[in-house]
Amino acid sequence: MTTAAVRFDLPEPDAFTRPYWDAAARGQLLLRRCGACGRAHHYPREFCPHCWSEDVAWERASGDATLYTWSVVHRNDLPPFGARVPYTAAVVDLAEGPRMMTEVVECAESALAIGMRLRVAFRQETGRETRRGTGREVGQEVVREAVPVFRPWSSGPG
(Lines give C-alpha, C1' and ligand atoms only; values in the text may rest on other atoms or scores of the structure.)
Protein backbone atom coordinates (compact mmCIF):
# COMPACT_ATOMS: atom_id res chain seq x y z
CA MET A 1 0.00 0.00 0.00
CA THR A 2 1.34 3.43 -0.97
CA THR A 3 0.68 6.40 1.25
CA ALA A 4 0.68 9.86 -0.33
CA ALA A 5 2.01 12.85 1.58
CA VAL A 6 -0.61 14.63 3.64
CA ARG A 7 -1.62 18.02 2.21
CA PHE A 8 -3.03 20.74 4.45
CA ASP A 9 -3.83 23.20 1.65
CA LEU A 10 -6.46 21.28 -0.28
CA PRO A 11 -10.20 21.10 0.31
CA GLU A 12 -12.03 17.91 1.12
CA PRO A 13 -15.24 18.49 -0.85
CA ASP A 14 -18.42 16.75 0.19
CA ALA A 15 -21.80 16.55 -1.53
CA PHE A 16 -22.80 19.97 -0.18
CA THR A 17 -19.59 21.89 -1.02
CA ARG A 18 -18.94 20.15 -4.38
CA PRO A 19 -20.71 22.96 -6.39
CA TYR A 20 -18.39 25.53 -4.78
CA TRP A 21 -15.22 23.60 -5.68
CA ASP A 22 -16.47 22.70 -9.16
CA ALA A 23 -17.13 26.40 -9.82
CA ALA A 24 -13.65 27.28 -8.53
CA ALA A 25 -12.17 24.81 -11.02
CA ARG A 26 -14.00 26.80 -13.74
CA GLY A 27 -12.62 30.10 -12.41
CA GLN A 28 -15.81 31.20 -10.62
CA LEU A 29 -16.26 32.18 -6.99
CA LEU A 30 -19.60 31.20 -5.44
CA LEU A 31 -21.40 32.51 -2.36
CA ARG A 32 -24.61 31.50 -0.66
CA ARG A 33 -27.46 34.04 -0.54
CA CYS A 34 -30.47 33.85 1.76
CA GLY A 35 -33.88 34.07 0.13
CA ALA A 36 -35.46 35.18 3.42
CA CYS A 37 -33.23 38.10 4.51
CA GLY A 38 -31.33 38.66 1.25
CA ARG A 39 -27.85 38.58 2.80
CA ALA A 40 -24.92 36.72 1.28
CA HIS A 41 -22.55 34.62 3.37
CA HIS A 42 -19.27 32.79 3.08
CA TYR A 43 -18.11 30.08 4.01
CA PRO A 44 -20.86 27.94 2.42
CA ARG A 45 -23.49 26.71 4.88
CA GLU A 46 -26.86 25.02 4.45
CA PHE A 47 -28.56 27.76 6.48
CA CYS A 48 -28.27 31.53 6.75
CA PRO A 49 -25.98 32.55 9.65
CA HIS A 50 -27.88 35.85 9.92
CA CYS A 51 -31.52 34.73 10.23
CA TRP A 52 -31.15 30.91 10.35
CA SER A 53 -33.36 30.38 7.30
CA GLU A 54 -32.70 27.29 5.20
CA ASP A 55 -33.84 29.19 2.08
CA VAL A 56 -30.30 29.68 0.73
CA ALA A 57 -28.94 29.21 -2.78
CA TRP A 58 -25.63 29.38 -4.64
CA GLU A 59 -24.82 32.67 -6.38
CA ARG A 60 -21.85 33.69 -8.52
CA ALA A 61 -19.77 36.40 -6.81
CA SER A 62 -18.20 39.29 -8.71
CA GLY A 63 -14.72 38.32 -7.53
CA ASP A 64 -14.02 41.88 -6.33
CA ALA A 65 -12.82 42.46 -2.77
CA THR A 66 -10.94 44.86 -0.52
CA LEU A 67 -8.18 43.92 1.89
CA TYR A 68 -9.40 43.95 5.50
CA THR A 69 -6.27 42.62 7.23
CA TRP A 70 -3.27 40.39 6.57
CA SER A 71 -0.25 38.67 8.05
CA VAL A 72 2.89 37.68 6.20
CA VAL A 73 3.78 34.13 7.21
CA HIS A 74 7.52 33.46 7.33
CA ARG A 75 7.41 29.98 8.84
CA ASN A 76 4.95 27.13 8.44
CA ASP A 77 5.97 23.52 8.94
CA LEU A 78 2.83 21.96 7.42
CA PRO A 79 3.27 20.63 3.88
CA PRO A 80 3.33 22.27 1.37
CA PHE A 81 3.29 25.69 3.09
CA GLY A 82 6.95 25.46 4.09
CA ALA A 83 7.94 25.62 0.42
CA ARG A 84 5.78 28.74 -0.12
CA VAL A 85 7.04 31.00 2.66
CA PRO A 86 6.84 33.89 2.87
CA TYR A 87 3.17 34.15 1.88
CA THR A 88 0.38 36.55 2.79
CA ALA A 89 -2.55 35.12 4.73
CA ALA A 90 -5.42 37.59 4.55
CA VAL A 91 -9.02 38.42 5.29
CA VAL A 92 -10.87 40.24 2.51
CA ASP A 93 -14.26 41.92 2.33
CA LEU A 94 -16.07 40.61 -0.74
CA ALA A 95 -18.06 43.17 -2.77
CA GLU A 96 -21.24 41.24 -1.90
CA GLY A 97 -20.63 41.74 1.84
CA PRO A 98 -19.13 38.60 3.40
CA ARG A 99 -15.61 38.40 4.75
CA MET A 100 -13.38 35.60 3.48
CA MET A 101 -10.09 34.11 4.67
CA THR A 102 -7.69 33.72 1.76
CA GLU A 103 -4.20 34.47 0.48
CA VAL A 104 -2.96 37.56 -1.36
CA VAL A 105 -0.63 36.69 -4.24
CA GLU A 106 1.43 38.70 -6.72
CA CYS A 107 1.88 41.58 -4.27
CA ALA A 108 4.96 42.74 -2.38
CA GLU A 109 4.55 43.08 1.37
CA SER A 110 5.41 46.79 1.13
CA ALA A 111 2.48 47.33 -1.29
CA LEU A 112 -0.17 45.85 1.02
CA ALA A 113 -2.65 48.37 2.44
CA ILE A 114 -5.95 48.10 4.25
CA GLY A 115 -8.75 48.82 1.79
CA MET A 116 -6.70 48.02 -1.33
CA ARG A 117 -8.77 46.61 -4.19
CA LEU A 118 -8.32 42.93 -4.95
CA ARG A 119 -9.60 40.50 -7.55
CA VAL A 120 -10.08 36.75 -7.22
CA ALA A 121 -7.67 34.37 -8.96
CA PHE A 122 -7.47 30.60 -8.66
CA ARG A 123 -4.41 28.56 -7.78
CA GLN A 124 -4.53 25.19 -9.49
CA GLU A 125 -3.36 22.40 -7.21
CA THR A 126 -2.69 18.75 -7.88
CA GLY A 127 -4.70 16.96 -5.27
CA ARG A 128 -4.56 13.75 -3.36
CA GLU A 129 -3.25 10.60 -4.93
CA THR A 130 -5.45 7.58 -4.42
CA ARG A 131 -4.36 4.04 -5.20
CA ARG A 132 -7.13 1.58 -5.98
CA GLY A 133 -7.22 -2.06 -6.90
CA THR A 134 -6.12 -5.42 -5.64
CA GLY A 135 -3.19 -7.64 -6.43
CA ARG A 136 -1.08 -6.32 -9.30
CA GLU A 137 -3.88 -4.14 -10.70
CA VAL A 138 -3.26 -0.80 -9.05
CA GLY A 139 -4.71 2.36 -10.56
CA GLN A 140 -3.77 5.94 -9.78
CA GLU A 141 -6.13 8.90 -9.60
CA VAL A 142 -4.92 12.49 -9.23
CA VAL A 143 -7.55 15.05 -8.31
CA ARG A 144 -7.01 18.69 -9.39
CA GLU A 145 -8.43 21.40 -7.21
CA ALA A 146 -8.64 25.18 -7.65
CA VAL A 147 -8.29 27.30 -4.54
CA PRO A 148 -9.45 30.95 -4.57
CA VAL A 149 -6.74 33.51 -3.80
CA PHE A 150 -6.70 37.26 -4.42
CA ARG A 151 -4.31 39.60 -6.21
CA PRO A 152 -4.22 43.38 -6.55
CA TRP A 153 -6.98 44.70 -8.80
CA SER A 154 -5.90 45.91 -12.21
CA SER A 155 -7.88 47.52 -14.99
CA GLY A 156 -5.57 45.90 -17.55
CA PRO A 157 -5.89 42.45 -19.13
CA GLY A 158 -5.27 39.58 -16.94
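Every value quoted in this text rests on a predicted model; they were computed, and no experiment measured them. Index from 1, following the sequence.
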[X] side chain vs [Y] backbone, donor-acceptor pair below 3.5 Å:
| X | Y | answer |
| --- | --- | --- |
| R151 | C107 | no |
| E96 | S62 | yes |
| T102 | P148 | yes |
| R45 | Y43 | yes |

I'd like a table of donor-acceptor pairs (distance under 3.5 Å, sequence neighbours excluded) in which one partner is a side-chain atom from residues 83-95, with atom names and distances.
unit_1: R84; atom_1: NH2; unit_2: D9; atom_2: OD2; d: 2.6
unit_1: R84; atom_1: NH2; unit_2: E125; atom_2: OE2; d: 2.8
unit_1: Y87; atom_1: OH; unit_2: N76; atom_2: ND2; d: 2.8
unit_1: D93; atom_1: OD1; unit_2: R99; atom_2: NE; d: 2.6

Note to self: Among residues at least two apart in sequence or on other chains, which ones pass side-chain contact (heavy atoms from CB on, under 4.5 Å) with I114?
What the structure shows: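 W70.
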Notebook entry, point to check: Should we count CZ of R75 as having more than 12 external heavy atoms under 6.0 Å?
Noted result: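 Count not over threshold, so no.
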Notebook entry, point to check: Does E59 CD have over 12 foreign heavy atoms under 6.0 Å away?
Noted result: yes
Is there side-chain contact between [X] and [Y], with heavy atoms separated by less than 4.5 Å?
| X | Y | result |
| --- | --- | --- |
| E145 | P13 | yes |
| M116 | F150 | no |
| R60 | L29 | no |

Checklist line | Path from L67 to M100 over hydrophobic side-chain contacts below 4.5 Å | finding: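 Yes, same cluster.
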Checklist line | ILVMFWY network linking W58 to V120, side-chain heavy atoms under 4.5 angstrom | finding: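 Yes.
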Notebook entry, point to check: Is the distance between the ring centroids of W21 and F122 under 6.0 Å?
Noted result: no
Notebook entry, point to check: Parallel, tilted or perpendicular for Y20 and H42, by the 30°/60° rule?
Noted result: tilted
